[in-house]
Structures are given as C-alpha cells and as structure tokens.
Amino acid sequence: MTLRALYRRLLNRYGPQGWWPLLGLHGRHGTNPTKTGSVEGYHPGDYSYPRTDRQRFEICIGAILTQNTGWPNAEKALRNLDGAGLLDAERMLAATEEELRKLIRPAGYYNQKARKLKALAAFYILLGGRTPSREELLALWGVGPETADSILLYAYHLPEFVVDAYTRRVLAAEGLATGKETYDEVKALCVKGLLQDVAVYQEFHALLVERAKRQVRKE
DNA sequence: AACCAGGACGTGA
DNA sequence: TCACGTCATGGT
C-alpha cells in the first residue's frame, strides 16, 4: 500500500472532507451527517477558502484553539470570540487576557491559549497582509510544527503537509511508518509519496483524521 | 467514571 | 536530544 493508493482509497470511501471548517457557511455546501459536532463549517470539494482576511485570521485562531482539543470544543470558543467581535487581529490584541480567557474557556488550557492568541494577533498585525514564513511562525510562542503547517496549508494555501497524532497512527497501522519518526521525518515521508499539491495535502490530512476517528470507534 | 482530544512548552538528565 | 510533567474543558 503506497501513500497515493491510501489517499485514493480514503477519498473514495469517505469523500472530500471540506477542511478547514469555518464559521458562517450555514447551508452553503449542505451538511455532512457523518461528522460529529457542528458540521456547517465544512466545504467539501471546495478548496477556495479562505476567501477573506477575516476567514484567514479565523483559521489561524482555530489552529491555536484546537491544540490537543476536540474541534467541537474549539469551535465553541471560536463562536464566543466571534460573538464578542474579537475575530479581528486589532480587536483581539486590544482585548484583555482576562476577557479572552473567559471567552475561550470551552477550548481548555485557557490561560496558555489566551496568551498564545495575543501573541498571534500581534504577529498577524505586524505581517500587514504578508504571508509568514514557517520559521517566523515557529518563532512565535505557542506555535509548534503542526500549528505552523496548519496555518500555512489551510490559511495561506502553501504546500506544507500537516502531521498530527492521527497521521502517525494511521501510517503506522498501514505499515508505512513505525510511529517513532520525528515530525519532520513523517512530513518528508508524506511529501515524497504524494503529489505536491495544496488541495491534495489539505484533503489527505483531513482524510487521515477521519480514518483514525472511525478506527477508534471500531468503524 | 476514566480516558482522551486535529500540541506546545519547560525542565532535568 | 529525550523523556516527562504541565496545562484544562467537555465529550464518550
């Protein structure tokens, strides 16, 4: 089983996943009843997002909020921020950490994440619309390899493959990895075995997560 | 009622 | 480097 074959098989079985989920897409692409939690934000088969700067920032913030946290919880925090009008870099930076902590509580680690959001908002403003480099993102407090690659791949459409715990688990189960590789090693493995294309990277990562989730639930 | 989630950071060896 | 401990809410 090669990576490309695994990709085709998963895409054939589960269909396009429509990552990264965004707020405010109600009904635009229909719903996906196979997903748990909120489903309106996914846009299967449409790789044109983000379409606005606000959506781009939303993805960056979501990437922080979902660290070691289920998406439904992260999305609650995201909705709270949206309801407070804080899904905006300037406003988020202007908000107090106390206020942020209160709003993002459902996502867990709210002390650390409030600080991370502030750092990211300040950085985002400093960018002034420019696309950040991976090194710049990694230099930020609170942004590690997975979060950096998620931001680059889903918010900025750069071909950076995202590796997470699910990726390692599925690849190990398929005999394509041992599970002991470093982040960069797994990433290199995937890059080597796949067509180097943003849509493929976006889709394959989402499919691996879906596959792992179903496997945990014994299909 | 444990167990864990779409990680990252700090510390000591 | 590497192996742990810490951070925290909510779903299963």
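Just so we're on the same page: letters track the sequence lines, and every chain starts at 1.
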Subject >> A/Gly70 or A/Leu140, whichever maps to the more 5' nucleotide of DNA chain B >> reply: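 The answer here is A/Gly70.
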**OP:** Hey, which sits more toward the 5' end of DNA chain B by its nearest nucleotide, A/Leu138 or A/Val209?
**Re:**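 Here A/Val209 is the residue nearer the 5' end.
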Atom-pair distance ([atom1] on [X]; [atom2] on [N]), nearest Å:
X: A/Lys180; N: C/dT1; atom1: NZ; atom2: C1'; value: 17 Å
X: A/Tyr183; N: B/dG7; atom1: OH; atom2: P; value: 11 Å
X: A/Glu160; N: B/dG6; atom1: CD; atom2: P; value: 22 Å
X: A/Ile59; N: B/dG6; atom1: CD1; atom2: P; value: 18 Å
X: A/Lys213; N: B/dG6; atom1: NZ; atom2: C1'; value: 6 Å
X: A/Tyr166; N: B/dG7; atom1: OH; atom2: P; value: 8 Å
X: A/Tyr110; N: B/dA5; atom1: OH; atom2: P; value: 22 Å
X: A/Asn68; N: B/dC9; atom1: CG; atom2: C1'; value: 13 Å

By the 4.0 Å heavy-atom rule, please label [X] as base, sugar-phosphate, or nothing.
X: A/Val143; answer: sugar-phosphate
X: A/Glu146; answer: sugar-phosphate
X: A/Tyr109; answer: base
X: A/Asn73; answer: base
X: A/Lys76; answer: sugar-phosphate

Subject >> Nearest-angstrom distance, P atom, B/dG6 to C/dG5 >> reply: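 It comes out at 23 Å once rounded to the nearest Å.
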Subject >> B/dA2 versus C/dA8 - spacing of their C1' atoms, nearest Å >> reply: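 These two C1' atoms come out 16 Å apart once rounded.
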Subject >> Cationic N near anionic O, under 4.0 Å, A/Lys102 to A/Glu98 >> reply: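 A salt bridge is absent here (no side-chain N lies under 4.0 Å from a carboxylate O).
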Subject >> A/Trp141 side chain near B/dG10 phosphate (N/O to OP1/OP2, under 4.0 Å) >> reply: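 Yes, within the criterion.
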**OP:** May I ask you to evaluate whether A/Thr69 reaches the phosphate of B/dG6, defined as a side-chain N or O under 4.0 Å from OP1 or OP2?
**Re:**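 Answer is no, no contact under 4.0 Å.
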**OP:** If a pair satisfies salt bridge (charged side-chain N to carboxylate O under 4.0 Å, His left out) and one of its residues is in residues 186-204 of chain A, list it, with sequence neighbours excluded.
**Re:**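 As it turns out, the salt bridge (charged side-chain N to carboxylate O under 4.0 Å, His left out) pairs with a partner in residues 186-204 of chain A, which skip direct neighbours, are A/Asp149-A/Lys187, A/Glu160-A/Lys187.
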**OP:** Hey, could you give me each pair passing salt bridge (charged side-chain N to carboxylate O under 4.0 Å, His left out) that has a residue in residues 103-131 of chain A? Not counting sequence neighbours.
**Re:**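 Qualifying pairs, neighbours excluded: A/Arg130-A/Glu136.
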Original post:
Do A/Tyr42 and B/dG6 have a side chain to base donor-acceptor pair shorter than 3.5 Å?
Top reply: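 It does, because a donor-acceptor pair links the side chain of A/Tyr42 to the base of B/dG6 below 3.5 Å.
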**OP:** Can you establish whether the number of heavy atoms outside A/Arg91 located under 6.0 Å from its atom CZ is more than 12?
**Re:**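 Open.
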Original post:
Which of these, A/Leu22, A/Leu23, A/Ile104, sits in a side chain to side chain contact (heavy atoms under 4.5 Å, CB included) with A/Leu78?
Top reply: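 Output: one option passes, namely A/Leu23.
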Original post:
Between A/Arg211 and A/Tyr166, is NZ or CZ placed under 6.0 angstrom from the six-membered ring centre and within 45° of the ring axis?
Top reply: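 Judged by the rule, A/Arg211 and A/Tyr166 form no cation-pi pair.
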Subject >> Side chain of A/Arg169 (C-beta onward), nearest among B/dG6, B/dA5, C/dA8 >> reply: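 Selected nucleotide: B/dA5.
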Subject >> All stems with DNA chain C, defined as three or more consecutive Watson-Crick or G-U pairs under 3.5 Å >> reply: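 The stems are B:2-5 with C:9-12, B:7-13 with C:1-7.
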Original post:
For A/Tyr201, which of A/Phe161, A/Tyr154, A/Tyr47 qualifies under ring pair (Phe, Tyr, Trp, His ring centres under 6.0 Å)?
Top reply: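 Output: one option passes, namely A/Phe161.
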Original post:
Do A/Ser48 and A/Asp46 get their side chains close enough for a donor-acceptor pair, meaning under 3.5 Å?
Top reply: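 Indeed, the side chains of A/Ser48 and A/Asp46 share at least one donor-acceptor pair under 3.5 Å.
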